[in-house]
Amino acid sequence: MAFTLTLQPEVEQRLKELAEAEQRSMHKTVEVAIQAYLDRQDRDDWTRQATRKVFAEDATLFEMLGDR
């Protein structure tokens with residue numbers, strides 16, 4: 001998929017500097033950043049689901065701890 005990305009000049013400059021430092025294109029640097037963001041969202045979703053499951057399964061325990 002192709003699309004146009006418009007960045008603030010300061011952001012574009014920082015992206016350009018980072019891409020140069022990492023010896024890759026700005027396009028690839030943005031692609032890597034997007035993938036990292038998506039991976040982080042997946043981990044966050046997993047963590048939220050796991051937390052809900054633990055709280056649901058151990059609700060009585062948490063209630064008992066809260067009474068202390």
Side-chain angles (χ1 to χ4, degrees):
M1 173 176 85
F3 66 94
T4 301
L5 178 63
T6 305
L7 302 172
Q8 298 283 334
E10 321 74 67
V11 174
E12 183 177 356
Q13 182 60 38
R14 290 178 63 195
L15 175 61
K16 184 176 182 178
E17 291 168 4
L18 179 61
E20 288 174 0
E22 295 183 349
Q23 298 181 341
R24 61 178 162 214
S25 68
M26 288 174 55
H27 173 89
K28 185 63 177 178
T29 303
V30 169
E31 187 177 346
V32 167
I34 291 170
Q35 187 62 56
Y37 175 80
L38 294 172
D39 291 346
R40 188 172 58 250
Q41 293 302 309
D42 288 344
R43 284 191 307 275
D44 290 351
D45 287 344
W46 182 90
T47 301
R48 280 189 289 277
Q49 290 175 8
T51 301
R52 280 194 293 272
K53 182 178 178 184
V54 167
F55 278 118
E57 290 175 355
D58 297 326
T60 303
L61 172 64
F62 288 115
E63 285 177 25
M64 289 173 25
L65 290 172
D67 289 339
R68 293 183 177 256

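- The side-chain heavy atoms of R24 and V32, taken from C-beta on, include a pair separated by under 4.5 Å.
- Apart from V11 itself, the hydrophobic cluster it occupies contains M1, F3, L5, L7, L15, M26, V30, I34, Y37, L38, where clustering links Ile, Leu, Val, Met, Phe, Trp and Tyr at side-chain heavy-atom distances under 4.5 Å.
- Pairs passing the salt bridge (Lys or Arg N to Asp or Glu O under 4.0 Å) check and including a residue from residues 34-51, sequence neighbours excluded, read D45-R48.
- Screening residues 6-16 for salt bridge (Lys or Arg N to Asp or Glu O under 4.0 Å) gives no qualifying pairs among residues at least two apart or on separate chains.
- Shown here is Q8, whose CD atom has no more than 12 heavy atoms of other residues, nucleotides or ligands within 6.0 Å.
- With sequence neighbours excluded, the residues forming a side-chain hydrogen bond (donor to acceptor under 3.5 Å, both in side chains) with Q13 are E17, listed by chain and number.
- Under the side-chain contact (heavy atoms from CB on, under 4.5 Å) criterion, T51 pairs with T47, F55, not counting sequence neighbours.
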